[in-house]
Amino acid sequence: MNSTPAKVRKDIIQRPKGTQDICGEDVERWEYVESLCRLQLQSAGYQEIRTPIFEATELFERGVGEGTDIVNKEMYTFEKSDRRLSLRPEGTAGVVRAFVEQGMGRWPKPVKLYYLGPMFRYERPQAGRQRQFHQFGVELFGLDTPAADAEVILMAMRMFEKLALPNLSLQINNIGTVECRERFKTGFKALLAPQLTQLCADCQTRYQTNPLRMLDCKQDSCKAIYAQPTVKAFLETDFTSEDCQAHFAELVRILDALKVPYQRNPYLVRGLDYYTKTVFEITSTNLGAQNAVCGGGRYNRLVEDLGGPETPAVGWALGMERLLTLVGDLPKRTLDFYIVHDQPAEAFQVAEALRASGYHVEVDLSGKGFGKQFERAAKLNARQAITIGEAEVQNGTIRVKHLHSGEQQATTLTDLLSQLAPAKQP
RNA sequence: GCGGGUGUCGCCAAGCGGUCAAGGCCCCGGAUUGUGGUUCCGGUAUACGUGGGUUCGAUUCCCAUCAUCCGCCCCA
């Protein structure tokens, strides 16, 4: 009708850096993947939990860890009447807070939850990393069994199989309890002390502050040092307790029995402070530098650390954006009927009757000529068009046309419905 | 926070100092005011991210800035 170029470029407001508008075909992919994830978890008795998008900053400081990059430099923090608040940089802390606040410690165990939503991290955007991104996560509270670990891992792996993700690798590791970690620190530091000067500057710092993190150093020179047989043996068997090793052995046994392929990676430590015993990560070589689709592990102390009852837990989170880049093309959504008409009331009645039978129906709203309306029907790739004009209204019929074959016939709504009903039910 | 690439219509994309703003897709209108998907015709950028500079002259060169992409760090 009217052409409004509106070239007021200077006044255009852009979305903030590192954020995304999700629309068009993209949003259909999102919805598809989201619902598949939900169904997978629901079918195993997990229940959704929706927590606030912002929380007290202290929650993340205590929950995620003061030493992590996430709380040190990546949080969106703001103040409102003396309260320090932050946009959630990850999901677990908020869920644990809710667990404690809602008294879920008294719910029948285990408490199995999943969540889905945006997370925020102030980082330089790049492939597979944005400032607002979305995670789908799972948390299982109240059990310290290898079976619990196995179940959450299985959930992720089966979901990814259904989505046919390419080139996946599941890496798992056992990093032990807090006590094991103490043994690790002293043992590892003693082991590395003679070679300390050969390590990179970062590792020399980590040697003092957080030796565990030395293991995921990317420097080849450091990697070589950590790959020495004595070091490797120490990582795999020496520092974790018998209990932790038994736990891990049982987890591995279950995964083997289920034919879930995995790789033990003794250097996998993960960047968050709260993990204990089992940690794992699912990566794909199709992703680029940020190659982790899903990461998680056991966190047996976090609930307590956040003021709750002693409650073991295990969970993971996956990055929706990264997941989506791995998901192939989806089958095209089909439109069953497009209603071409100049009789809106009757058109809507027919549409509603068909929708009630589970069909996907669109009614023309343009009021343009039938030619234009058919054009639209073809553009939307509708299977059939139903024409309702004055003549049809008068003799109580509708005209149904198959748009692929071009065949058309007059019939009545009742006949059409009885013909279709067996084929498709809501 | 650091390093590199890119920036011409909604999308893809030519032009790389002198009537220069091709072309394709999409969209809109018409041929076709009750029947589409094919075809044909027509329409849509006061202008080349923004601001400076060099030049007689810049979309084409330089600088800055913004955005975006890729990498480092770290993570999903």
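Labels below follow one simple rule: chain letters A, B, ... track the order of the sequence lines, proteins then strands, and each chain is numbered from 1.
- Look at A:F133 and the base of B:A76; the rings stack, centres closer than 5.5 Å and planes less than 30° apart.
- Base engagement by A:Q290 is indicated by at least one non-hydrogen atom pair under 4.0 Å involving a base atom.
- Note on A:H134: nothing from the nucleic acid sits closer than 4.0 angstrom, heavy atoms only.
- Going from atom CG of A:L323 over to atom SG of A:C37 covers 6.0 Å, rounded to the nearest 0.5 Å.
- Using a 4.0 Å heavy-atom cutoff across all strands shown, A:G406 reaches at least one base atom of the nucleic acid.
- The base of B:U35 is paired with the side chain of A:Q408 by a donor and an acceptor separated by under 3.5 Å.
- Residue A:Q130 is classed as a base contact, given a heavy-atom separation below 4.0 Å to a base.
- Between the side chain of A:E74 and the base of B:G1, no donor-acceptor pair under 3.5 Å is found.
- Between the side chain of A:K372 and the base of B:G36 there is no donor-acceptor pair of N/O atoms closer than 3.5 Å.
- Using a 4.0 Å heavy-atom criterion, one finds that A:V340 contacts no nucleic acid atom at all.
- Within the nucleic acid shown, A:E392 comes within 4.0 Å of at least one base atom, counting heavy atoms only.
- Phosphate contact (OP1/OP2 of B:G36, side-chain N/O of A:R383, threshold under 4.0 Å): absent.
- Within the nucleic acid shown, A:R376 has no heavy atom closer than 4.0 Å to any nucleic acid atom.
- Nucleic acid contact class of A:E390 (heavy atoms, under 4.0 Å, all strands): base.
- Among the atoms of the strands shown, only primed sugar atoms or phosphate atoms (P, OP1, OP2) are found under 4.0 Å from some heavy atom of A:K379.
- Using a 4.0 Å heavy-atom cutoff across all strands shown, A:G18 reaches sugar-phosphate atoms only and no base atom.
- The side chain of A:A289 sits closest to B:C72 out of B:G34, B:C74, B:C72.
- Using a 4.0 Å heavy-atom criterion, one finds that A:A377 contacts no nucleic acid atom at all.
- Heavy-atom minimum distance, A:T276 versus A:Y299: OG1-CA, 3.7 Å.
- Under 3.5 Å, the side chain of A:Q126 and the base of B:C73 form at least one donor-acceptor pair of N or O atoms.
- Using a 4.0 Å heavy-atom cutoff across all strands shown, A:A385 reaches no nucleic acid atom at all.
- Among the protein residues, A:R88 comes within range of no part of the nucleic acid, since none of its heavy atoms lies under 4.0 Å from any strand.
- Not a single donor-acceptor contact under 3.5 angstrom links the side-chain atoms of A:R124 to the base of B:C73.
- Both key distances under 3.5 Å define a Watson-Crick or G-U pair, and stretches of 3 or more such consecutive pairs in RNA chain B run B:1-7 with B:66-72, B:10-12 with B:23-25, B:27-31 with B:39-43, B:49-53 with B:61-65.
- Counting non-hydrogen atoms under 4.0 angstrom, A:G295 reaches the backbone sugars and phosphates but no base.
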